[in-house]
Amino acid sequence: MHGQKALIDRVCEAVADLDLDAVLTLGPTVDHDAVRVPDNVEVVAFADHDRLMPGAAAVIGHGGLGTVLRALAHGVPQLLLPLGRDQGFNGGRVEQLGAGIQLPTDAPPGRIRTALRALLTEPRYATQATLAARRLAADQPDRAAAEALEHTAGRG
C-alpha cells in the first residue's frame, strides 16, 4: 500500500530507543534490506498471530481486519495507523472499544512512541482489550462461521 515503507521506518524509529523487543512482519511487498531496523526489532516475512499474540503487550499495525481481529481475540491493545481501505474504520472501532489508539498515517516517531508508551503503561487499554476478547469468545465466532458455511453449502 502507498506509504507503507515510510510508515514502517517511522515506527522502527519510534521503538528504537525503548526497552522492549518487537517483531516486524513485512509480508511479501516490502524488501527487508530497504527498511532501517533497530537492534530491538526482529524482522520476519510472516508470523502466526495465534502464536505471537499471547506474548505481546501491544500491537502496532495499519488496521487490517485480520490482525485487528486476532489482537482483539487475544486481548492485546493496539496502536493503529491506517493506510487505506477499511483500516480507518477498524482503527476507529478499536479506539471506541477503548482497546487501542488510532493515529494518522503520517504521525511522527515521537507521537507513535508516546502512544505506544500509553498502551503499555495505562491499564485501561489492556483492560478493555481483555473485555473485547471475552466478548468475542462468548460469541463463538468460529462456530458461527462454520455453521454459516455449512448452511450455504447445503443450499448449493
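Every value quoted in this text rests on a predicted model; they were computed, and no experiment measured them.
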Taking all atoms of both residues into account, what is the closest heavy-atom pair of [X] and [Y], and its distance?
| X | Y | result |
| --- | --- | --- |
| Ala16 | Pro38 | CB-CB, 3.6 Å |
| Ala57 | Pro77 | O-CD, 3.4 Å |
| Pro54 | Asp50 | CD-O, 3.3 Å |
| Val59 | Ala71 | CG2-CB, 4.1 Å |

Whether [X] side chain and [Y] backbone form a donor-acceptor pair below 3.5 Å:
| X | Y | value |
| --- | --- | --- |
| Gln87 | Gly84 | yes |
| Arg10 | Ala6 | yes |
| Asn40 | Val15 | yes |
| Glu95 | Gly91 | no |

If I take atom [atom1] from residue [X] and atom [atom2] from residue [Y], how far apart are they, to the nearest 0.5 angstrom?
| X | Y | atom1 | atom2 | value |
| --- | --- | --- | --- | --- |
| Leu116 | Gln78 | CG | CD | 12.5 Å |
| Leu131 | Leu72 | CG | CG | 11.5 Å |
| Thr67 | Ile60 | OG1 | CD1 | 12.5 Å |
| Ile8 | His62 | CD1 | NE2 | 8.5 Å |
| Leu79 | Arg117 | CG | CZ | 13.0 Å |
| Gln102 | Gln96 | CD | CD | 9.5 Å |

Note to self: Measuring only between side-chain heavy atoms, which start at C-beta, is Tyr125 closer than 4.5 Å to Leu119?
What the structure shows: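 Yes. Closest side-chain heavy atoms under 4.5 Å.
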Checklist line | Validation row: Leu24, Cys12 side chains within 4.5 angstrom (heavy atoms) | finding: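 A side-chain contact exists here, since the closest heavy-atom pair is under 4.5 Å.
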Item checked: Flag if over 12 foreign heavy atoms under 6.0 Å of CG, Asp39 -> no
